[in-house]
Each structure stands twice: as structure tokens, then as C-alpha cells.
Protein chains: 2
Amino acid sequence: MVNSIERRSGVSLWRQIADQILHSIAIGDFAENAALPPEMALAERYGVNRHTVRSAIAALVQEGVLRAEQGRGTFVLSRKRLSYPIGTRTRFSAGLQGQASERRSVLLEAAVEPASRRVADALSLARGSEVIRLEVRGEADGRPVSRATSWFEAGRFSGIDAAMAETGSVTASLERFGVSDYLRQSTVLSARHADAADLADLDLQPGAIVLVTVAVNVTPDGQPIQFAETRFPAERVELKLSAL
Amino acid sequence: MVNSIERRSGVSLWRQIADQILHSIAIGDFAENAALPPEMALAERYGVNRHTVRSAIAALVQEGVLRAEQGRGTFVLSRKRLSYPIGTRTRFSAGLQGQASERRSVLLEAAVEPASRRVADALSLARGSEVIRLEVRGEADGRPVSRATSWFEAGRFSGIDAAMAETGSVTASLERFGVSDYLRQSTVLSARHADAADLADLDLQPGAIVLVTVAVNVTPDGQPIQFAETRFPAERVELKLSAL
DNA sequence: TATAGTTGTCTATATCAATAGACAAATTTT
DNA sequence: AAAATTTGTCTATTGATATAGACAACTATA
């Protein structure tokens with residue numbers, strides 16, 4: 001595995017090194033609870049000055065990934081990335097058993113709007129039809145692990161915002177509207193830098209990367225009911241694709 | 001959709017703006033072949049100096065996403081992101097029909113090595129067993145769209161590097177070893193900044209983001225045959241999850 | 001206790017990133 | 001032809017990033 005660093009890239013060296021340390025932890029190169037190599041050793045490995053390594057470590061300490069102790073060393077805190085299952089029957093809470101003791105969804109915002117072309121196409125509605133937009137944050141053990149924007153047809157699902165606020169669950173809310181089962185029709189995956197809103201809502205450090213899923217949920221007979229874009233912080237979450 | 005910018009983040013403003021412009025193109029905010037808003041307008045929208053916007057545009061021109069014409073404007077070149085299908089029967093070339101007229105895999109490197117813990121676990125081998133590592137680049141219409149590192153048990157698949165170089169296909173190479181069918185046992189998805197090797201192999205600009213899949217392929221009776229980590233440039237590729 | 005090894009802090013300097021303003025060059029519109 | 005619009009180039013200045021070196025503070029070990 002090549003570890004290397006690009007200069008004048010628009011991404012500062014300390015941020016690149018922080019990313020690589022995170023990656024090394026994720027793939028098991030740096031064991032949890034163990035000491036990181038000394039700053040001087042890291043500086044040599046990455047071919048940078050010790051102070052640059054210190055900036056990277058400071059960022060990771062700030063993020064709660066590392067703990068530095070003067071005279072002793074810098075240690076990896078044990079926080080595994082959440083492995084989030086994704087498939088045709090993905091639900092937020094299902095499948096996270098054992099990985100987090102406390103999970104919940106928080107409704108941040110709800111609004112009724114005319115559908116953009118993108119949303120209208122996905123839900124098979126006329127352009128400009130009214131849709132309900134929900135902004136929801138997913139948390140596991142108090143840490144934000146997802147940030148979803150979803151759209152529902154306003155006519156059929158009027159009041160789903162209240163149901164969502166009350167139940168904290170999309171599945172439970174949909175049941176109130178007679179949707180007892182639904183499937184993922186399609187999921188498209190991409191990745192990008194977190195924007196300012198995601199940084200705030202997901203409690204991320206600037207420069208963080210988010211995984212983005214864009215999905216359409218349908219009833220078993222193929223009727224689209226929900227269109228959703230969900231952002232997952234790449235440093236905390238990996239997506240595990242489940243067959244079927 | 002909130003467009004905003006973070007300062008002193010370790011990611012330069014021009015890089016963040018370049019990312020947002022890419023994103024805007026991807027979701028259709030800036031139509032293809034159409035003119036981007038003038039530099040001054042973009043500078044206002046993002047709350048930065050015009051020169052900073054120019055740096056972002058220069059990077060995207062360099063990447064072949066935009067074309068700037070003095071006196072006229074800056075234009076979006078039409079290059080859709082490749083939608084790469086992924087599921088339990090994913091093959092590199094299958095499913096890309098119609099999106100790219102010419103596809104191929106290039107073997108960059110092959111080596112026999114002792115298995116790391118990660119590789120040995122995935123392939124159900126003893127630690128330190130010999131494995132063959134293949135480094136392969138996927139191309140579509142001459143553009144690099146994937147970069148895979150895969151491992152095979154050395155005993156069973158001795159010579160697969162030659163087969164791969166000859167056929168340019170993992171599926172065809174495996175057939176020579178009596179593997180007529182295989183499935184994805186598991187796929188785990190994450191994202192990070194491209195490292196130096198990927199930047200070079202995928203012809204990316206520094207600071208680019210890659211989608212990373214880590215997958216185990218098994219025979220229909222569950223025997224692991226291939227462990228692979230594949231990096232996809234997020235600016236060129238999205239992953240479309242196919243049910244089953 | 002003395003020594004080596006490690007993180008923490010300070011100063012200084014050089015380079016990159018970002019802002020600011022002015023004007024040139026090319027194109028389109030009036 | 002003239003004016004307005006837009007990209008291209010230049011100079012100058014400020015702040016963030018990165019390097020370099022020295023030494024303090026703390027810990028573990030010989």
C-alpha cells in the first residue's frame with residue numbers, strides 16, 4: 001500500500017496526512033489503543049516536517065480519533081467505523097445491532113415545496129407538484145452518522161413530518177399512511193467533500209468526505225413513495241452492501 | 001441545496017469551489033454545453049474573490065470538465081459520470097453498454113507475496129501464505145475509471161497474471177482455472193482522498209476523492225477466490241447498486 | 001538518579017492561498 | 001462604431017501552510 005503526499009494540491013499536507021492516518025487505522029495498520037509511531041518517525045515516513053505531522057495529529061485529536069500524552073506517545077482511541085448495511089430492504093436502525101447501543105433519528109426540518117425536476121422524475125410526479133421535504137439526522141451512541149434529505153408526495157403523505165417527529169422512524173411513519181412494506185428501487189452512490197450544512201449537522205471538521213446515496217423507495221407493486229439523498233461521514237461510516 | 005465554503009479547513013477554497021461546481025454539474029444545476037455564470041457572479045455566490053473562482057475554474061479546465069473562452073464565457077463540457085453497476089454478479093465490463101463505446105482493463109503490475117492478515121482473513125488462508133497480487137486499471141473511452149488491487153491464492157491461480165495480461169478480463173482469466181461462475185460475497189464501501197499512486201494511475205488532480213470498494217468474490221459453493229480493493233474516481237464514476 | 005525518548009512550545013523564515021485593484025483582450029450587444 | 005460584458009494578466013498585500021531549529025516538560029527505563 002503506497003503512502004504518499006501531494007504538494008500544492010489544494011489539500012494541505014496536514015489534512016492529507018490526517019486522512020492517511022485515519023485510513024491506516026481503518027485497515028488495521030495502526031492497532032486500536034496502541035501508540036502511533038513517534039512524530040519524528042511519521043514525519044520521515046511522509047517526508048514532511050515534524051510540525052506538519054503535529055498539525056495532522058492535532059486535527060485527529062480534535063476529532064476524537066487520537067489522544068496525545070506528553071512524554072508517552074499518541075494513542076489510537078477505539079472507535080470503529082460503523083458498518084451500515086445497505087440493500088433493497090435497508091432500514092436505518094435495522095442491522096446496526098451490536099454496533100451501537102443507542103440509535104435514533106432526529107427531524108431537523110420539514111417543509112412543503114414544489115418538486116424540482118430531479119424530485120418529480122424520481123417520484124413520477126408532474127414538475128412543480130407539491131412535495132414534503134424532510135431533513136433528518138441519524139445518530140448512533142450520540143454521534144451523527146447520517147444526514148438525509150427526503151421527499152414525499154405532499155397529497156398522499158400530508159402530516160408525515162409530524163409522524164416522523166413523533167415516532168423518529170420513517171418505517172413507522174409510513175405505516176400510518178398504509179405503507180406496510182417498501183423496497184429500494186435504486187441506489188446510486190457517490191462521494192464528495194462535505195458542504196457547510198453537512199459539516200454543521202454531522203459535527204465534522206472542514207475538509208471531511210461524505211458518502212452520498214441517492215435512493216428511491218417503492219411499494220412492493222412498484223409505486224415510488226420516497227426519494228432520498230443521504231450523506232454519511234466517510235470517517236465514521238462504511239456501507240456494507242448486502243445481497244438482495 | 002446549500003452551497004457554502006469553509007475557511008482554514010486544510011482544503012483550499014479553490015478546491016472546495018471546484019468540487020461544488022462539479023457537484024452542481026452532476027445534479028444538473030449547470031447544464032452541459034451551457035455557460036457557467038460569469039466569474040464575478042460565482043465569486044459573489046461563494047463569497048470569495050474572483051481570483052479564487054478563477055483558480056477553481058483553472059483546475060476544472062485542466063481536468064477537462066470546463067472550457068474557458070475569453071470574452072464569451074466558461075462552458076461545461078459534456079462528460080457524464082459513468083454509472084457503474086455493482087451487485088452480487090458485478091463484472092467490470094458488463095452493464096456499461098451504451099455508456100462507453102470502448103472499455104478495457106490494463107494489467108499494471110503483478111507480484112507474488114506473502115498474504116497480509118487482511119488478505120489472508122478474506123481468502124481464508126493461513127497468514128503468510130503466498131498470494132498473487134494484480135494491479136489493474138479499468139478504462140472507458142480511454143479515460144481511467146477504476147484502479148483495482150486484487151489478491152488470489154498463489155497455488156491455485158499460478159499464472160493468472162499472464163492470463164490477465166492476455167485476455168484483459170478477470171472473468172476470462174478465472175475460467176482458465178476452472179472457475180466458470182463467481183459471486184460477490186461481500187462489498188464494503190468507503191471514500192477518501194486519492195493517494196499519490198491513484199492520482200498517477202487514474203490521471204487525477206491532487207485533492208480528488210475516490211470511492212473505495214472492498215470485495216470478496218466466491219465460487220457458487222462459497223469458496224473465496226478473489227479479494228479486491230477497487231478505487232473509483234468520484235468525479236467520473238458513480239456506483240449504481242443493483243438488486244441481486 | 002541519570003538518560004533516552006517523546007510530546008509541547010516558542011521563534012524565525014519561506015512558500016502557497018486568498019484578497020484587492022487595475023487594466024488588457026476578446027466577444028457580444030446596442 | 002461604441003458600449004457592455006466577460007475572460008486574461010499583472011502588481012501588491014495579507015494570512016494560512018510548511019519548514020527549520022532550539023529547548024522545555026513529561027515519561028519510562030537503564
Side-chain angles (χ1 to χ4, degrees), chain A residues 3-21 30 33-77 193 196 205-207, chain B residues 3-21 30 33-77 193 196 205-207:
Chain A
N3 278 338
S4 199
I5 294 291
E6 290 294 318
R7 283 159 196 272
R8 65 187 71 86
S9 68
V11 182
S12 62
L13 299 187
W14 63 262
R15 165 63 48 195
Q16 293 181 60
I17 290 170
D19 284 346
Q20 294 217 358
I21 291 175
F30 299 151
N33 295 320
L36 231 60
E39 293 168 352
M40 278 306 296
L42 289 173
E44 266 189 48
R45 170 190 304 201
Y46 293 119
V48 301
N49 190 272
R50 178 182 158 228
H51 296 292
T52 307
V53 169
R54 284 181 59 74
S55 297
I57 289 176
L60 295 176
V61 167
Q62 179 67 23
E63 290 176 32
V65 176
L66 300 177
R67 183 185 66 249
E69 292 182 30
Q70 184 172 149
R72 300 218 321 132
T74 303
F75 300 87
V76 180
L77 296 179
H193 285 121
Q205 295 303 111
Chain B
N3 277 339
S4 198
I5 293 293
E6 290 295 318
R7 283 158 196 273
R8 67 187 71 87
S9 68
V11 182
S12 61
L13 300 187
W14 63 261
R15 167 59 53 191
Q16 293 181 59
I17 291 170
D19 284 345
Q20 294 216 0
I21 291 174
F30 298 151
N33 295 321
L36 230 61
E39 292 168 353
M40 279 305 295
L42 289 173
E44 266 188 49
R45 169 190 304 199
Y46 294 119
V48 300
N49 191 274
R50 177 182 160 229
H51 295 290
T52 307
V53 169
R54 284 181 58 74
S55 297
I57 289 175
L60 295 176
V61 167
Q62 179 66 25
E63 290 175 34
V65 176
L66 300 176
R67 183 185 65 249
E69 293 181 29
Q70 185 171 155
R72 301 220 320 132
T74 303
F75 300 87
V76 179
L77 297 179
H193 285 121
Q205 294 304 110

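Fair warning: this is a prediction, and the values are worked out from it, not measured in the lab. Here is how names work: the chains are called A, B, and so on, in the same order as the sequence lines, proteins then strands, and each is numbered from 1. Both backbone and side-chain heavy atoms feed into the values below; hydrogens, waters and symmetry mates do not.
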Item to check | Integer-rounded Å distance: D:dT19 P and A:Met40 CE | outcome: 12 Å

Checklist entry - For A:Ile57 and C:dT6, what is the distance between atoms CD1 and P respectively, to the nearest whole Å? => result 12 Å

Checklist entry - In whole angstrom, what separates A:Asn49's CG from D:dA20's P? => result 6 Å

Item to check | Selection from D:dT7, C:dT19, D:dA22 that lies nearest to any side-chain heavy atom of A:Arg50 | outcome: D:dA22

Checklist entry - So what does A:Ser55 hit on the nucleic acid, given a heavy-atom distance under 4.0 Å: a base, only sugar-phosphate, or nothing? => result nothing

Checklist entry - Between B:Trp14 and B:Ala56, which heavy-atom pair has the shortest distance, and what is it? => result O-CB, 3.2 Å

Item to check | Any B:Thr74 side-chain nitrogen or oxygen under 4.0 Å from OP1 or OP2 of D:dT7 | outcome: yes

Checklist entry - If every non-hydrogen atom of A:Leu42 is compared with every non-hydrogen atom of A:Ile57, which pair is closest and at what distance? => result CD1-CD1, 4.3 Å

Item to check | From C:dT28, C:dA26, C:dT19, nucleotide with atom closest to B:Arg72 side chain | outcome: C:dT28

Checklist outcome for this item: When rounded to whole Å, the CZ to C1' distance for the pair A:Arg54 and D:dA20 reads 15 Å

Item to check | Closest to the A:Gln70 side chain, choosing from D:dT17, D:dT7, C:dG8 | outcome: C:dG8

Checklist entry - Hey, which of these two, A:Ser12 or B:Pro37, hits DNA chain D nearer its 5' end, going by closest nucleotide? => result B:Pro37

Item to check | Spacing of B:Phe75 atom CZ relative to D:dT6 atom P, expressed in whole Å | outcome: 11 Å

Checklist entry - Which whole-number value in Å describes the distance from B:Leu42 CG to C:dT19 P? => result 14 Å

Checklist entry - Taking C-beta and beyond as the side chain, do B:Ile21 and B:Tyr46 meet within less than 4.5 Å on heavy atoms? => result yes

Checklist entry - To the nearest angstrom, how far is B:Arg67 atom CZ from D:dT6 atom P? => result 17 Å

Next on the checklist: Side chain of A:His51 only, heavy atoms from C-beta on: which candidate in D:dA18, D:dG21, C:dT7 is closest?
Outcome noted: D:dG21

Next on the checklist: Using only atom types and a distance under 3.5 Å, with no angle test, would you say the side chain of A:Thr74 pairs donor to acceptor with the backbone of A:Ala68?
Outcome noted: no

Item to check | Closest non-hydrogen atom pair, B:Pro37 against B:Arg45 | outcome: CG-NH2, 4.3 Å

Next on the checklist: Output the rounded distance in Å from CZ (B:Arg15) to P (C:dC16).
Outcome noted: 17 Å

